[in-house]
There are 2 protein chains.
Amino acid sequence: MQRMTRQRLLIMRIIEDAGRPLSTAEILALTKRRRAGLGIATVYRTVKALGEADWLQSVDMPGSQVRYEKSDKAHHHHFHCRKCDRVFEMHGCLGELHRLTPRGFSMERHEIIITGLCATCLDRRA
Amino acid sequence: MQRMTRQRLLIMRIIEDAGRPLSTAEILALTKRRRAGLGIATVYRTVKALGEADWLQSVDMPGSQVRYEKSDKAHHHHFHCRKCDRVFEMHGCLGELHRLTPRGFSMERHEIIITGLCATCLDRRA
DNA sequence: GTCGTTGCAAAGCGTTTGCAGCCTA
DNA sequence: TAGGCTGCAAACGCTTTGCAACGAC
């Protein structure tokens, strides 16, 4: 992360504007929509570099591609819409997580993922 | 799932004996340990067929391979050891999950994943 | 004997990497 | 102008699929 290039600025702007975690495919599609496409390898290398710089963090969704979001957010979890495959941020968390951890095991991180239909897909189905 | 073959019996027995969700690679390794190796394609096809027959279900662990476990278990969640990469079952669940779901969204499933060190890896480190 | 199942190898698909050329600092 | 960054294409690792041979029923 030593030089600021057109590609990096574009990717950072796209992630900041998204309002939800984006996959590399989504990032690439959004660069094309802005008529400023770039190589998929650059997207992968950039999100990796931005992660190492602690500017973004990855969001692993089970059974789906990894998404990326800015790392300056408060602790939160994610909602995965099974219809449009988009991921949304959910505010808050649940206590009592240590209660689930098996005896003798140490908890370092936790993830709560809710799957279902987002508001848009619910509306469209009606 | 029309014929019961040596390969299918073996895979079913391995999953039943495991006591924790297994990946296709783990299943294959366990068949080899029993000196009864088989093709990796057979493992994939068998877990798919067993899933369609509702005998097992897949456990998607973020950033790791899919694991498989018998589907006759009570509702539970999973612990992922970041050192040995094994996945363990955790009993119980947390209430209040609907509290996290965004307004206008519908929750269908949820997943709680705790990451850390399992008892074995904690002991070995000491 | 039939045809569902297996094993191999090839094909897919998302992700990573090698390398020549580009462009930021 | 140096060398970090990009884009292409090849390589990779995991998963799926085509096809001939096998074996459960």
Side-chain angles (χ1 to χ4, degrees), chain A residues 1-15 21-69 80 82 84-87, chain B residues 1-15 21-69 80 82 84-87:
Chain A
M1 271 282 79
Q2 296 178 23
R3 294 181 187 175
M4 194 44 61
T5 63
R6 174 182 72 81
Q7 291 88 336
R8 289 184 174 175
L9 271 172
L10 179 59
I11 290 173
M12 290 168 83
R13 198 157 298 149
I14 283 171
I15 290 171
L22 298 178
S23 65
T24 51
E26 287 175 318
I27 293 170
L28 190 66
L30 287 168
T31 66
K32 294 217 165 93
R33 191 182 298 178
R34 296 191 187 198
R35 294 192 184 80
L38 36 76
I40 185 67
T42 301
V43 178
Y44 279 105
R45 278 188 285 231
T46 303
V47 293
K48 189 172 188 181
L50 288 171
E52 282 161 5
D54 217 43
W55 188 89
L56 62 70
Q57 60 193 10
S58 55
V59 180
D60 274 309
M61 301 305 289
S64 194
Q65 296 162 255
V66 182
R67 322 292 163 117
Y68 301 90
E69 65 184 6
H80 186 192
R82 66 164 165 78
C84 65
D85 200 35
R86 288 184 299 176
V87 173
Chain B
M1 268 284 76
Q2 296 176 24
R3 292 178 188 175
M4 193 45 60
T5 62
R6 173 182 71 79
Q7 292 88 336
R8 289 185 174 174
L9 272 173
L10 179 59
I11 291 173
M12 290 167 83
R13 198 158 298 148
I14 283 171
I15 291 171
L22 298 178
S23 65
T24 50
E26 287 175 318
I27 293 170
L28 190 67
L30 287 167
T31 66
K32 294 218 164 92
R33 192 182 298 178
R34 296 191 186 197
R35 292 193 187 81
L38 36 77
I40 185 67
T42 300
V43 179
Y44 279 104
R45 279 188 284 233
T46 303
V47 293
K48 189 172 188 179
L50 289 171
E52 282 160 7
D54 215 43
W55 188 88
L56 62 69
Q57 60 193 10
S58 55
V59 181
D60 273 310
M61 300 306 288
S64 194
Q65 295 161 254
V66 181
R67 322 292 163 115
Y68 302 90
E69 65 183 5
H80 185 192
R82 66 165 164 79
C84 65
D85 201 35
R86 288 184 300 177
V87 172

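What you see is a predicted model; the values in this text were computed from it and never measured. Order of the sequence lines fixes the chain letters, A, B, ..., with proteins taken first and strands second; residue numbering starts at 1 for each chain.
- Between B:Leu10 atom CG and C:dT6 atom C1' there is a gap of 13 Å when expressed in whole angstrom units.
- With values rounded to the nearest 0.5 angstrom, A:Met1 atom CE is found 13.0 Å from A:Asp54 atom CG.
- Residue B:Ile40 is out of contact with every strand shown, counting any heavy-atom pair closer than 4.0 Å.
- For the pair A:Arg33 and A:Leu30, the minimum side-chain heavy-atom distance is below 4.5 Å.
- Atom CZ of B:Arg8 is separated from atom C1' of C:dG7 by 14 Å (rounded to the nearest Å).
- The backbone N or O of A:Arg3 lies less than 3.5 Å from a partner atom in the side chain of A:Arg8, making a donor-acceptor pair.
- In this structure, B:Ile11 atom CD1 and C:dT5 atom C1' are separated by 11 Å, rounded to whole Å.
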Review point. What one-letter contact string describes nucleotides 19-25 of chain D from 5' to 3', where B marks a base within less than 4.0 Å of any protein heavy atom, S marks contact via sugar-phosphate atoms alone, and - marks no contact?
Key: ----BBS
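- Along DNA chain D, the nucleotide nearest to B:Ala25 and the one nearest to A:Thr46 differ in position, and the one closer to the 5' end is contacted by A:Thr46.
- Rounded to whole angstrom, the span from the NZ atom of A:Lys48 across to the C1' atom of D:dC5 amounts to 15 Å.
- Listed for the A:Arg67 side chain is a donor-acceptor partner under 3.5 Å among the backbone atoms of A:Gln65.
- Applying the salt bridge (charged side-chain N to carboxylate O under 4.0 Å, His left out) rule to A:Arg13 yields no partners; only residues at least two apart in sequence or on another chain are considered.
- Atom P of nucleotide D:dT16 and atom CD of B:Glu52 are separated by 11 Å, given to the nearest angstrom.
- Rounded to an integer number of Å, the gap from CG of A:Leu28 to P of D:dC8 is 11 Å.
- Distance CD1/B:Ile27 to CD1/B:Ile11: 6.5 Å, rounded to 0.5 Å.
- The separation between A:Gln65 atom CD and D:dC14 atom C1' is 15 Å, rounded to whole Å.
- Taking atom CG on B:Leu50 and atom C1' on C:dT5, their separation rounds to 13 Å, with Å as the unit.
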